[in-house]
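Let me begin by presenting the structure, written as structure tokens, before commenting on it.
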There are 2 protein chains.
Amino acid sequence: MPTIKDVARVAGCSTATVSRALATPEKVSDTTRERVAQAIADVGYAPNVAARNLRRAESKTIVALLPDISNPFFSEIINGMEEVAHLAGYQVLIGDCEHDPARAEAYFELLPTNQADGILLLTAEVPMVLVRQADGQSSFPLVMACEFFADIDLPTVAIDNHQAACHAIDYLISLGHRRIATLSGPAANPICKERVRGYHDTLAAHGLVAEARIVEGDFGFRSGYQQGLALLEPGRTRPTAIFCHSDEMAIGVLKAARQLGLAVPGQLSVVGFDNIGFSEYCEPELTTISQPRNEIGQQAMRLLLGLMRGEPVVRRQTLSTQLIVRKSTGRPDA
Amino acid sequence: MPTIKDVARVAGCSTATVSRALATPEKVSDTTRERVAQAIADVGYAPNVAARNLRRAESKTIVALLPDISNPFFSEIINGMEEVAHLAGYQVLIGDCEHDPARAEAYFELLPTNQADGILLLTAEVPMVLVRQADGQSSFPLVMACEFFADIDLPTVAIDNHQAACHAIDYLISLGHRRIATLSGPAANPICKERVRGYHDTLAAHGLVAEARIVEGDFGFRSGYQQGLALLEPGRTRPTAIFCHSDEMAIGVLKAARQLGLAVPGQLSVVGFDNIGFSEYCEPELTTISQPRNEIGQQAMRLLLGLMRGEPVVRRQTLSTQLIVRKSTGRPDA
DNA sequence: CTGAAAGCGCTTACAG
DNA sequence: CTGAAAGCGCTTACAG
């Protein structure tokens, strides 16, 4: 591969000048700039980025840690992140943690080894030691999106999970439901706790706390199906509505209801969370809570880049959600 | 950050020895190795990978180009690729091309700039110039998975698309179907052409060529729904079965059938392709063709790494598919 | 088994 | 506006 030396030789100038023509063209005369451009084209030069990174002590890459890349919820967030990152000259390395904190740890190693300049956390399934470390003073830029930690106040962009849950439950109550169950994600997950809190608060506001019933899933189809079967077990008093913490689980519940011969929404209303593409194509189409996923990705990346530049930033950004009413919810049959 | 010099000072040896203790521990005495290990722990040393990469003229990263990260088909392939890559000390950078060849081009730039050592192509939507270039002699390691180019013989791991299509159509014919339509992916896509060829060949073998009917989608839900409506338009002779080139499109067809009041599989059988997680949770559960996705990812990465090491490799690997019969197919009603 | 030294390809104060 | 020179942090023949 040709190097900057080759370009300098062909252009008849020093390597310093070639470097400047590339990095700060305004510091170079028009004629020189043109000669350099020509020389670059002639020799087919491409800068060695490893050398540049070494010299500048940066990597121009951001790692984005996901809990599970197979969850379609994240793809639009990734798009948003990348749009902003690319414009700023950064690339993003996607780290799929597969719900395994050990894998997250490996990705954190990219920071001290100068392979990444910052981390965007889309999962809280990360060893707390690492997070505290990064949050310490001689630390690495770290931003959370969607999720958060109960006891560490990191820069975050997310929705108001409590409010979104209230909204969903209020809606179900307004339809006439009283026995409303929640199919939560992992109980330890702070965002699930927030949603459960919103669920409880809203039931309480309507004097329905005695009707509360919560089961736990893992956000996936299968757990939705299994917990759906448990919740709808024949012979027991069934809920007339289930608020699910993910669309996949809601779709699993739909399958369970079908199997048990329950009409949706006549005998059972189901609300999902996230508004993934599939939610419009299941039967019946799913009522769900939509998050501004692209915007979450964009804002999180802007926040991280701002932090890295030492700019003043809004450390806590809350974006709004929307209840999308489709066909899986309705008045309970008398 | 502490550097190798700091470690050397604390361990009382040269930087060369520290480097060896890390890279080739067997070339260093036991006592030295221990002292170095202790010094590394004491100073909190992490090697600067940019410096190492510069010196070794490699990046230890592979870029994997996807047509569309929101397609859940790819997540398991990515897992397979990463398993193999990580074991070999490589990281994988996922490049989401969003069906835009221009974005693919940007990722190809990572090669000459020493930011990536090889490319794994999971899409054929890439400027041909780049591929020919990479395939030329002073070239970059390049492997295709799943897809392929009609006129360039790159190292590839994929399924036999022709055979898989034959299998699906044979099955439908064995159920008694005669009017079988195909909902293809983009017509220009070589894998779709292969599947269409299999479709035609099988119809021909049964004297059904006159019944052939092909429409084109883009693999997504929406196009499946729209083309489904077109194919099933009331008042025209309808197909009794539709073979779709993706599960998402098949699920779109299911929605179209529902809307038109057609019973599946009684009045319409539907076959998908890929066996994504969703295919078990739609209504009815989808009959589909399963690809060994994890294995495709693994083999493709092994092939690429083998190529990079100059090992002898099998340049063309064909993995087998499986027809998963579920509830969306059956005998046509009389 | 170990060290001194060169060099990977850039960038950037410094001096002019 | 331009160049000479130092240096980023490693690795690796070479010599011993």
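First the proteins, then the strands, lettered A, B, ... as listed; each starts at 1. These values consider heavy atoms only, across backbone and side chains, with no hydrogens, waters or symmetry-generated copies.
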> Distance check: side-chain N/O of A:Arg33 vs OP1/OP2 of D:dC1, anything under 4.0 Å?
Replying inline: no

> Out of C:dT2, D:dC10, C:dA5, which has the shortest distance to the side chain of B:Thr32?
Replying inline: C:dT2

>> Rounding to an integer number of Å, can you tell me how far B:Ile4 CD1 sits from C:dG3 P?
In response: 12 Å

>> Between P on D:dG9 and OH on B:Tyr45, what's the gap in Å once rounded to a whole number?
In response: 10 Å

> Does A:Arg20 get its side chain close enough to the base of D:dG3, under 3.5 Å, for a donor-acceptor pair?
Replying inline: yes

> In whole angstrom, what separates A:Lys5's NZ from D:dA5's P?
Replying inline: 13 Å

>> Does B:Ala57 reach a base, just sugar-phosphate, or nothing at all? Heavy atoms under 4.0 Å.
In response: nothing

> Below 4.0 angstrom from OP1 or OP2 of C:dG3, is there any side-chain N or O of B:Ser14?
Replying inline: yes

>> If you only use heavy atoms from C-beta on, which nucleotide in D:dC10, C:dC10, C:dG3 is closest to the side chain of B:Thr17?
In response: C:dG3

>> Side chains of B:Leu154 and B:Leu142, heavy atoms from C-beta outward: is any pair under 4.5 Å?
In response: yes

> Between B:Glu147 and B:Asn189, do the side chains contain an N or O donor and an N or O acceptor separated by less than 3.5 Å?
Replying inline: yes

> Which part of the nucleic acid does B:Glu26 contact within heavy-atom distance under 4.0 Å: base, sugar-phosphate only, or nothing?
Replying inline: sugar-phosphate

> Of the candidate nucleotides C:dT2, C:dG9, D:dG3, which contains the atom at the shortest distance from the side chain of B:Val28?
Replying inline: C:dT2

> Taking atom C1' of D:dG9 as reference, at what distance in whole Å does atom CZ of B:Arg9 sit?
Replying inline: 15 Å

>> Please confirm whether the shortest side-chain N or O distance from B:Ser19 to OP1 or OP2 of D:dT11 is below 4.0 Å.
In response: yes

> On a whole-Å scale, what distance lies between the C1' atoms belonging to D:dT12 and D:dG16?
Replying inline: 16 Å

>> Which nucleotide wins on minimum distance to the side chain of A:Ala51, given the candidates D:dC1, C:dC10, D:dC10?
In response: C:dC10

> From the list C:dT2, C:dC10, D:dT12, which nucleotide is the closest neighbour of the side chain of B:Arg55?
Replying inline: D:dT12

>> Tell me whether the side-chain N/O atoms of A:Thr15 come closer than 4.0 Å to OP1 or OP2 in C:dT11.
In response: no

> In whole angstroms, how far is the C1' atom of C:dC8 from the CG atom of A:Leu54?
Replying inline: 9 Å

>> Rounded to whole Å, please give me the gap between CZ in B:Arg52 and P in C:dG9.
In response: 18 Å

> Can a side chain N or O of A:Arg56 be found less than 4.0 Å away from OP1 or OP2 on C:dT12?
Replying inline: yes

> Could you give the CD-to-C1' distance, from B:Glu58 to D:dT11, as a whole number of Å?
Replying inline: 11 Å

> Between atom NZ in A:Lys27 and atom C1' in C:dA15, what is the gap in whole Å?
Replying inline: 15 Å

> A:Met308 versus A:Asp117: any side-chain heavy-atom pair under 4.5 Å?
Replying inline: yes

> How do B:Ala46 and A:Arg35 order along DNA chain D: which one's closest nucleotide is nearer the 5' end?
Replying inline: A:Arg35

>> For a quick check under 3.5 Å, do B:Asn79 and B:Glu76 share a side-chain donor-acceptor pair by atom type?
In response: yes

> Can you tell if the side chain of B:Asn294 reaches within under 4.5 Å of the side chain of B:Glu83, non-hydrogen atoms only?
Replying inline: yes

>> If the cut-off is 4.0 Å, is A:Ser29 near the phosphate of D:dT2, judged by side-chain N/O to OP1 or OP2?
In response: yes

>> If the test is side chain to side chain contact (heavy atoms under 4.5 Å, CB included), which one of A:Thr156, A:Val143, A:Leu120 qualifies with A:Leu303?
In response: A:Val143

> Partner of C:dC14 by Watson-Crick or G-U wobble geometry, both contacts under 3.5 Å, or none?
Replying inline: D:dG3

>> Under 4.0 Å from OP1 or OP2 of C:dC8: is there any side-chain N or O of A:Thr3 that close?
In response: no

